[in-house]
Amino acid sequence: MSEQNVALIGNPNVGKTVIFNALTGSKAHVANWPGVTVEKKTGKLGDILITDLPGTYSLTPTALDDLIARNFILEESPKVVIDIIDATNLERNLYLGLLLKEIGVPVIFVLNMMDIASQKKIDIDYKKLAEFLQSPVIPTTAIKNEGIEELKKIITENIKIESEQNDPILYPEELEERITRIQNLVKGFSKNSKNPRWIAIKLMELDEKVTEDIKNQPNGENLLNSASQIVKEDDRISLASARYSYIKDIVNACVKKTAKVFDSSEFLDNFFLNKYFGIPIFFVIMWGIFEFTFSVATPLMTLVEIIQEWLGTIIINGLGETLFSSFLVGGLINGFGSIFIFLPNIFLMFLGISFLEDSGYLARAAFVMDRLMYKLGLHGRSFVSMLLGFGCNVPAIMSTRAIESEDDRIITIMVNQNMSCGARLPVYVLIGGAIWKNSAGSIIFSLYFIGIVLAIGIALIFRKFIFKGKRSPFILELGDYRSPTIKYTLIHMWERGREFIKKAGTIIFITIVIMWILQTFPLGAEINDSYLYKVGEFFQPIFNPLNFGVIAVIGLIFGFIAKEVVVSSFGLLLGVGEGAANLGQLIVQNLGNSPIIAYSYLVFVLLYTPCVAVIGAVYKETGSKKWTIISVVYAFVLAYLMAFLVQLIGGVYF
Amino acid sequence: MRNNGNGNNSSLRYLNIIVIVNIIFSFSIFLFEILAIWIDIPILFASEGDPFGVSEFSGNWFDHIIKGMIGLLLTIIFIRSLINYNQNRSKARSFAIGGSFIILGLGLLYVLIWIAQFLDSALTQSLHEYIWYSGFRLEIVLLIINFPVLAIWKNKFKIFQNINSTTTVNV
Amino acid sequence: MVLLSDLKIGEVGIIKNINSDLSSRLNAMGLIPGVKIKLLRKAPIGDPLEFEILHYSLSLRKEICKDVEVEISE
């Protein structure tokens, strides 16, 4: 028994995160559960280690989150499991509670959201509830910090005492009789079995994992065969029914709804989920988030640029034009600047998304979009990620975390890159504007359009050929609408943004420094003789069929770090300033003076890997080197093929 | 629960008034944005000689279309609310409130954008960029008028207690 | 007896039977014989469906609703 180990569990959206933060003081350590991309958070309350288990409705071994939670409880043997319950949703929440009691681990129940319960005139006799559940029940309103001190007290008390084995909550006699018989078989099979009763119940339910684990043990088949003589076909449903029957008894005894109250969520859903207006409203809201992210970010980005310039000037003035000052400006400051310039966009986008999520609207968005997404081989929740990609692919990919199934998540991540992000826009504007002055808008629109069409096509291909087999289900709770608290929305925003800074930041920074080194050395050489140029010359032959010269190739290499840099790299190599009026013209000239080649270049920029930060995000969300590499390779191949196709159709070869 | 009969009535009356006002203003925004496309186009790439100061938004006909469509959508939403008022009070009210929330959200958005544009101009020393135009003033007015809806919603359990809820299912 | 997917908007059914390999998960969401379930609405494009069950709102795709048998009540 781990003396100081405590686990936190509960249905999704019950305020588990808020309580975790309240108990551990937000000093959480975030990692992944081994081998999967599900987040594992741990923190400390004094000497007690608290592990935040994934939000689940049950402990079914066929659902990943459930399995993680269940394995943790069975294998790590926490001293206490804290089950957070939504007081306004007692019946469904208690199901998990009963499953936990079944395992036999000591449980403390937290009855959260008491404020909303009281608003809804739901009156819960929590003392009586504790009797029925044979465990402490503590009422809390976590976001107002009510009940938290009491909870901390109870936890620290319970940690110290030796847990007495409560009598288990009994099933109806007929079931209990057979449970006992199987239990005896289990005890006979393995004398040291930690939890024969639980195993017996799982065998009656035909639990996939328990069955498999036993099969893998010597003589396991015998136990299974004997058990199967006792198990009846509808035992699984009988057990579930028995649980709910008990829950009904509990609720009848402990809960009084004193008046019928206005259902505000149902009321609002008449509007937000309306047959005709639901989808337009969704698009308006998403547009609003976009406008918010980009317009409000602009002055902040300008600020970063100004500070960067200012620092650069100070250093040059102070140290003169030395190698060291060049490193400081072109390497360090440029490196940090490239990270910081992203941040306003990223944080604001996360702020917007956190707001939508905490308000409850995001589930509605998934509901509204699911059918379309399903036809495209994806999931309702994929849609928001796709839309976010038009802003920046990094938070878009990070938002796929909400997608339950691994398959759906990976496909969404793979095609997300085709959503043309904001950073590519300056490239389109500059080059597109130089070729076709009056139709620049249409050119740009065509690129976005190509991105979307390809995303759909590739999603379908992935689904048909690579991820064949069962689609993941859509079982989604549409929780009550809530007004998001500023504090917690900001906390969510910060948590996600912080990850980006750590992961992407490192990669971007290192690459910028490497770029600086390549372009500065050999010392004293012209830019055309630098190592950077040599690198460009090295790779250029690959691009011969596409008629891209060395400078264009170097632009792509720079663009690999961050798309914003493509334009300035052209400026650097063509010897003019970034803001030069004729830069666009010069670029087109460099591309063989051909509109078609220039357009194919834009197509290439659209489709190949957005940037190093994206690679970092893909790795983090897939947890797999294989998929990360695939994403880079397929993007490159796709870009190459499409660019070539454009030139072919455009008559470059005839 | 204090019986706030009069309070409820005045809240409900306010909601009725807002719906009408919102229809008028939303439709005005729609008209203005669509008109702006026509006024804009000849001045698309010029920077002098536009009496309305509209050229700041030139080249952004796409933006005008989006805002115009939003204005139209809102207009239709509030008209629906009006139409449903007698047959399905609950639905009518939900449209009115939902529409108001959207207006509030967009209004807040515009205020933030205006502040951001102002800050950006100050930083880049190009102060002429953020001039407000009549459409923007409409949005501020809408924001102010719809603000009380937030207060009404805060008291929703009292004010809407008599609206038929559709949830009746028990365990 | 009808399938859950055949319920009309506003209709209440009592769950009779579930024939799905997702039955454990559906059980945990409250789909258990004897429990009342009501169809609130369909998504704008017709799928998924939103139900009211055990005082909360649950959405399911039509295809999984075909695995659930209900008896219409009221």
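All values reported here derive from a predicted model rather than from experimental measurement.
Once rounded to the nearest 0.5 Å, the distance linking CD1 of B:Ile113 with CD of A:Glu291 reads 4.5 Å.
Ranked by heavy-atom pairs under 4.5 Å with chain B, the first of A:Ala297, A:Ser483, A:Ser295 is A:Ser295. The candidate with the highest count of non-hydrogen atom pairs below 4.5 Å against chain A, out of B:Lys91, B:Arg93, B:Met69, is B:Arg93.
Taking the six-membered ring where tryptophan is involved, the planes of B:Trp153 and A:Phe262 are perpendicular, since the angle between them exceeds 60° and thus also 30°.
Looking at B:Ile97, only its side chain comes within 4.5 Å of chain A, counting heavy atoms on both sides. Heavy-atom distances place both the backbone and the side chain of B:Leu119 under 4.5 Å from chain A. Proximity to chain B involves both the backbone and the side chain of A:Leu303, based on heavy atoms less than 4.5 angstrom apart.
In this structure, the side chains of A:Trp287 and B:Leu106 come closer than 4.5 Å at one or more pairs of heavy atoms. Counting only heavy atoms from C-beta outward, the side chains of A:Leu268 and B:Ser94 never approach each other to under 4.5 Å.
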For a quick test of your reading: what N or O donor-acceptor pairs under 3.5 Å do the side chains of residues 74-83 of chain B make, sequence neighbours left out?
| unit_1 | atom_1 | unit_2 | atom_2 | d |
| --- | --- | --- | --- | --- |
| B:Thr75 | OG1 | B:Phe27 | N | 3.3 |
| B:Thr75 | OG1 | B:Gly71 | O | 2.7 |
| B:Ser81 | OG | B:Ala92 | O | 2.8 |

Sequence neighbours left out, cut at 3.5 Å: what donor-acceptor pairs do the side chains of residues 272-283 of chain A make with other protein atoms?
| unit_1 | atom_1 | unit_2 | atom_2 | d |
| --- | --- | --- | --- | --- |
| A:Asn274 | OD1 | A:Tyr276 | N | 2.9 |
| A:Asn274 | OD1 | A:Phe277 | N | 3.1 |

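Heavy-atom neighbours of A:Phe340 CZ from other residues, nucleotides or ligands within 6.0 Å: at or below the threshold of 12.
Considering all non-hydrogen atoms of both residues, A:Ser264 and B:Phe157 come closest at OG-CZ, 4.5 Å. The minimum heavy-atom distance linking A:Val296 with B:Ala116 is given by the pair CA-CB, 3.7 Å.
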